[in-house]
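This report refers to the structure that appears directly beneath it.
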Amino acid sequence: MNIIKSLVIALSLATAGTVSAKTINITIGHVDAQEWTTSKKGAATQVFKNLVEAESGGRMKVNIYPAGQLGSETELVQSTQEGMVTMSLVSGAFAKVCKEASVLEIPYLFPSSPVAWKVLDGEFGQSLSEHCLQQTGLRTLSYGETGFRHFTNSKRPIHSPDDLKGLKIRVMTLPLYIEMMKSLGAEATPIAFPEVPTALTTGVIDGQENPVSVITLSKFYEFQKYITLDGHVYSTDFLLINEDFYSSLSAADKEIIDRAGKVAGTVGRAIQQVNSAQGLEILAKNGMEITSLSQEELEKFRSAAQPQIVEWLKKQVDPKWVVKVQDSVNAASQVQ
């Protein structure tokens with residue numbers, strides 16, 4: 001964390017997470033924009049703030065720091081663990097401190113968002129939350145949605161894993177994503193998200209992978225010609241709170257936090273769905289060539305990536321978590 005971010009935390013969060021007779025100060029950070037109509041994390045945190053402050057009669061004050069003001073997602077997770085930040089809303093970075101969360105990102109695991117919601121809001125999601133709480137000291141108030149991730153690039157349309165060979169694809173700095181790119185034949189290039197536009201402009205990378213909403217809001221169509229809708233990973237948001245702070249609250253205040261957290265996760269999902277639905281039209285209007293895969297084409301991607309990542313994950317985490325999430329997905333899929 002650089003000195004500017006350290007100073008921001010030191011000066012602006014001096015009272016964050018502290019409890020007094022009059023005011024409970026809560027600080028929440030995330031890396032997205034705050035405009036609620038276009039930012040899922042912005043919408044989720046704004047709704048959380050409004051509900052908590054209203055239901056507590058102003059006893060709880062929520063301060064939101066968006067757009068990476070308090071650091072990257074990795075830094076936010078660490079700061080929340082240390083209590084320097086009360087709460088954070090992050091996605092893949094959570095798996096760095098709770099490895100078992102990475103099972104949610106098995107390639108081509110979820111067939112649809114509703115199936116993912118059933119799994120996350122059900123027994124599996126609760127078990128994962130409890131496990132990660134013990135591992136990290138961070139309580140998951142709710143699961144939001146970043147959405148299904150797709151490939152974009154500036155070189156050619158992608159219809160099969162063979163088309164990915166030789167392409168330098170930006171991924172998050174997470175081992176699972178690096179391994180996934182290897183299995184699909186691409187050259188994985190881990191880069192922090194704020195650096196992606198420059199890397200695309202300068203040719204350091206040929207492409208990247210993100211949900212349609214992120215691709216649209218980040219205006220990646222200015223740097224990329226092609227998008228392939230393969231949905232290789234369903235990316236989850238985690239609304240996290242420092243457990244020491246949470247434990248210090250009264251039962252009534254915990255209920256307020258819990259309710260607001262659940263609503264915030266649902267709102268984030270809704271905004272993401274709206275943005276994704278509108279996003280493809282925006283991308284097309286801005287000149288991107290959109291490739292939709294047939295079931296046969298999609299199966300080639302799944303066959304290339306999923307078995308290898310499953311076996312790799314079983315060496316990284318207790319294999320029971322891999323089996324458990326697969327069983328949960330299968331069960332949720334059958335009742336659709």
Side-chain angles (χ1 to χ4, degrees), residues 26-55 62-70 72-73 76-77 80 85-95 98 101 104-105 110 112-122 124-126 128-129 132 138-150 172 193 210-218 231 233-242 246 256-280 282 332:
I26 298 172
T27 299
I28 181 168
H30 64 84
V31 300
D32 287 4
Q34 191 57 29
E35 169 51 52
W36 74 269
T37 61
T38 57
S39 168
K40 57 191 175 299
K41 288 185 173 69
T45 53
Q46 188 63 51
V47 166
F48 180 85
K49 170 184 171 69
N50 292 355
L51 289 175
V52 168
E53 292 183 348
E55 292 192 21
V62 179
N63 302 292
I64 304 171
Y65 290 83
Q69 292 179 35
L70 303 182
S72 66
E73 288 205 339
L76 280 171
V77 170
T80 309
V85 178
T86 321
M87 296 178 60
S88 56
L89 181 55
V90 301
S91 51
F94 188 47
C98 185
L104 296 174
E105 297 183 310
F110 294 106
S112 68
S113 290
V115 169
W117 300 337
K118 283 182 177 292
V119 171
L120 292 168
D121 295 341
F124 177 84
Q126 183 60 39
L128 181 64
S129 175
C132 290
L138 297 173
R139 177 178 291 269
T140 302
L141 294 176
S142 66
Y143 297 99
E145 177 179 280
T146 293
F148 283 101
R149 306 177 76 91
H150 308 290
M172 292 186 287
F193 184 75
N210 259 303
V212 167
S213 58
V214 175
I215 295 167
T216 305
L217 295 174
S218 301
V233 167
Y234 174 87
S235 193
T236 305
D237 277 344
F238 301 84
L239 182 59
L240 307 172
I241 188 168
N242 178 280
Y246 181 85
I256 292 173
I257 294 292
D258 290 344
R259 283 196 299 271
K262 292 298 183 185
V263 175
T266 301
V267 167
R269 289 174 179 175
I271 294 297
Q272 194 289 129
Q273 289 289 324
V274 169
N275 288 338
S276 290
Q278 296 175 332
L280 289 177
I282 294 172

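Along the sequence shown, residues are numbered consecutively beginning with 1. These figures come from a predicted structure and were not determined experimentally.
- Around CH2 of Trp36, the count of heavy atoms belonging to other residues, nucleotides or ligands within 6.0 Å does not exceed 12.
- For the pair Glu145 and Gln273, the minimum side-chain heavy-atom distance is below 4.5 Å.
- With Ser129 contributing its side chain and Gly125 its backbone, the two residues share no donor-acceptor pair below 3.5 Å.
- In this structure, the side chain of Thr266 engages the main chain of Lys262 through a donor-acceptor pair within 3.5 Å.
- For the residue pair Ser235 and Ser91, no side-chain donor N or O sits within less than 3.5 Å of a side-chain acceptor on the partner.
- Closest of all the heavy-atom pairs between Ala43 and Val267 is CB-CG1, 3.9 Å.
- Gly42 approaches Gln34 most closely through the heavy-atom pair O-NE2, 3.0 Å.
- Between Ile28 and Leu239, the closest side-chain pair of non-hydrogen atoms falls below 4.5 Å.
- Contact of the Arg139 side chain with the Ile257 side chain is not registered, since no non-hydrogen atoms from C-beta on lie closer than 4.5 Å.
- No side-chain donor-acceptor contact under 3.5 Å links Asn242 and Thr80.
- The closest side-chain heavy-atom distance from Leu51 to Arg259 is not below 4.5 Å.
- Scanning both residues, Lys41 and Val90, for their nearest heavy atoms gives CE-CA, 4.2 Å.
- Ring geometry for Phe110 against Tyr234 counts as perpendicular: the plane angle is over 60°, on a 0 to 90° scale with 30° as the lower cut.
- For the pair Leu141/Phe48, a side-chain contact is recorded, criterion being any heavy-atom separation below 4.5 Å from C-beta on.
- In plain terms, the two heavy atoms of Gly279 and Thr216 that are nearest each other are CA-OG1, 3.5 Å.
- The side-chain heavy atoms of Tyr246 and Asp258, taken from C-beta on, include a pair separated by under 4.5 Å.
- Looking at heavy atoms from C-beta onward, Asn210 lies in side-chain contact with Phe193 at the 4.5 angstrom threshold.
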Would Lys118 and Asp121 satisfy side chain to side chain contact (heavy atoms under 4.5 Å, CB included), going step by step from the backbone distance to the final call?
CA-CA 5 Å; Lys118 283 182 177 292; Asp121 295 341; over 6 Å; no
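- Across all non-hydrogen atoms, the minimal contact from Phe148 to Gly231 is CD2-O, 3.8 Å.
- For Ser142 (side chain) and Gly261 (main-chain N/O), a donor-acceptor pair under 3.5 Å exists by modelled atom type.
- The shortest non-hydrogen separation linking Pro66 to Ala33 is CB-C, 4.4 Å.
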